[in-house]
Amino acid sequence: MKKRGIILMLTGMLALGTLVGCGNKNDEGTATSGEPQKIKIGATIYKYDDSFMSYVRRAIEKQTEGKAELIMNDSQNDQAKQLEQIDTMIAKGVNVLAINLVNPKAAPSVIEKAKKEDIPVIFFNKEPEKSAMDSYDKCWYVGTESKESGVLQGKLMADDWQKNKEKWDKNKDGKLQYVLIKGEPGHPDAEARTKHSIEEVKNAGIEVEELAIDTGMWDAGKATEKMDAWISKYGDNIEMVVCNNDGMALGALASLEKAGYLKDDSKYVPIYGVDAIPEVLDKIKEGKIAGTVLNDAKNQGKALVELSVNVASGKDLLENTEWKLDDKKAVRVPYVGINKENITVGEDAYK
Ligand code: GAL
Ligand code: CA
């Protein structure tokens with residue numbers, strides 16, 4: 001780096017009131033000044049008590065080791081609490097905010113706080129609306145393309161149905177009678193998975209009939225309650241259980257097993273989830289869950305930390321990374337459909 005560049009950089013950093021980057025090397029490989037100041041990442045998880053997010057949290061913690069100081073908060077599913085946590089982190093001088101919103105619609109409040117202090121924000125897992133993303137040049141998103149998980153889940157369901165129609169079409173009416181347990185209403189993943197999974201089955205030329213649909217709020221316990229009620233109402237008429245995530249697929253499985261299902265071939269009901277958490281991969285191996293879609297916690301955590309460290313140290317967002325931004329300022333980690341045949345793909349991702 002030329003001398004003028006260094007001066008400009010230092011002035012810029014002083015103006016920001018932060019010394020981050022002082023440990024950067026110049027072209028000759030010597031430190032520009034003093035001890036490196038650690039980057040501070042201020043992060044929130046919408047609630048620790050969410051099976052998939054617990055894996056994302058672990059990935060973030062692991063990725064941050066040795067690279068930055070991490071302040072991690074459990075927002076306990078309370079948006080007001082999360083906004084307070086953000087105030088506290090700003091007061092503590094974080095260089096970047098990594099935010100898993102409680103309510104995807106609350107992005108403007110977070111952006112307002114960050115913008116005032118010129119702190120970059122990287123949202124993850126719950127995608128804000130485009131208008132919010134466009135309102136601040138220093139905000140980005142790390143996550144997935146929600147629609148893709150629905151399409152992949154629907155493909156698994158359609159393929160399996162075609163192969164097993166003889167057995168799975170219990171009432172022999174040629175139609176697939178399903179129940180669907182939805183994630184949090186209004187959550188982009190929940191809405192897209194609900195729509196596209198079923199659409200994909202229909203696109204494969206399969207006639208469907210929805211017996212029941214309701215939200216289980218991503219939660220196993222709530223899914224068990226729903227499933228208990230549906231089993232007593234519809235019993236053997238249920239030919240498939242579609243769940244927006246794996247936590248709820250496990251909840252549905254618990255309910256079905258309690259009612260005597262899945263103990264042998266004649267009592268089989270196919271269940272599908274999304275996430276590919278290790279508990280569900282085990283159930284797929286046992287033949288108790290038919291399929292899931294890998295929601296790659298490890299790479300989402302990796303992308304989030306790499307981008308956070310880059311922007312916090314004044315580098316280009318994507319410098320030295322494998323990630324690309326799409327037209328919605330988002331880095332999207334791909335989903336992969338998982339069943340018994342490619343189970344190792346899921347296992348490798350959660351190692
Ligand atoms: C989804 C995931 C769910 C839940 C949700 C929380 O991507 O599939 O299991 O963790 O995020 O926002
Ligand atoms: Ca049928």
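For reference, positions follow the sequence shown, starting with 1. In listed order, ligands and their atoms are each counted from 1. Keep in mind the model is a prediction, meaning the values are calculated, not measured.
No donor-acceptor distance shorter than 3.5 angstrom exists from the side chain of Asn245 to the backbone of Val274, with no hydrogens or angles considered. For Asp169 (side chain) and Gly174 (main-chain N/O), a donor-acceptor pair under 3.5 Å exists by modelled atom type.
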_side-chain contact (heavy atoms from CB on, under 4.5 Å) between Leu307 and Trp323, intermediate numbers included_ = CA-CA 9 Å; Leu307 269 55; Trp323 314 111; 3.8 Å; yes
*asked:* For a side-chain contact (heavy atoms from CB on, under 4.5 Å) check, start with the C-alpha distance between Leu318 and Val331, then their side-chain angles and the critical distance, and finish with the verdict.
replied: CA-CA 10 Å; Leu318 302 176; Val331 162; 4.1 Å; yes
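Salt bridge annotation for Asp246-Lys283: absent, with no cationic side-chain nitrogen under 4.0 angstrom from a carboxylate oxygen.
Asp275 and Thr292 are not linked by any side-chain donor-acceptor pair at a separation below 3.5 angstrom, with hydrogens and angles left out of the test.
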Which pairs of N or O atoms, one from ligand 1 and one from the protein, are separated by less than 3.5 Å, and what is the distance for each pair?
unit_1	atom_1	unit_2	atom_2	d
ligand 1	7 (O)	Asn125	ND2	3.3
ligand 1	7 (O)	Asp189	OD2	2.6
ligand 1	7 (O)	Arg193	NH2	3.4
ligand 1	7 (O)	Asn295	ND2	3.2
ligand 1	8 (O)	Arg193	NH1	2.8
ligand 1	8 (O)	Arg193	NH2	3.3
ligand 1	8 (O)	Asp275	OD1	2.6
ligand 1	8 (O)	Asp275	OD2	3.4
ligand 1	8 (O)	Asn295	ND2	3.3
ligand 1	9 (O)	Asn245	ND2	2.8
ligand 1	9 (O)	Asp275	OD2	2.6
ligand 1	10 (O)	Asp50	OD1	2.8
ligand 1	10 (O)	Asp50	OD2	3.1
ligand 1	11 (O)	Asn125	ND2	2.9
ligand 1	12 (O)	Asn125	OD1	2.6
ligand 1	12 (O)	His187	NE2	2.8

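Take the Ca ion (ligand 2) as the corner point: the lines to OD1 of Asn171 and to OD1 of Asp169 open at 80°, to the nearest 10 degrees. Rounding to the nearest 10°, we obtain 130° for the angle at the Ca ion (ligand 2) between Lys175 O and Glu239 OE2. With the Ca ion (ligand 2) as the vertex, OD1 of Asp173 and OE1 of Gln177 span 100° to the nearest 10°.
Not one N, O or S atom of Gly174 sits under 3.0 Å from the Ca ion (ligand 2). Not a single N, O or S atom of Asn237, from either the backbone or the side chain, sits less than 3.0 Å from the Ca ion (ligand 2). Residue contact annotation: Glu209 places no N/O/S atom under 3.0 Å from the Ca ion (ligand 2).
By the 4.5 Å side-chain criterion applied to Ile, Leu, Val, Met, Phe, Trp and Tyr, Ile86 is assigned to a cluster that also includes Ile71, Leu83, Met89, Ile90, Val94, Leu97, Ile99, Leu101, Val110, Ile111, Ile119, Val121, Phe123, Met133, Tyr136, Tyr141.
When the options Lys81, Glu184, Gln79 are evaluated for a side chain to side chain contact (heavy atoms under 4.5 Å, CB included) with Val102, the one that passes is Gln79.
Stacking of Lys167 on the aromatic ring of Tyr268 is not recorded, the 6.0 Å distance cut-off and the 45° axial limit not both being met.
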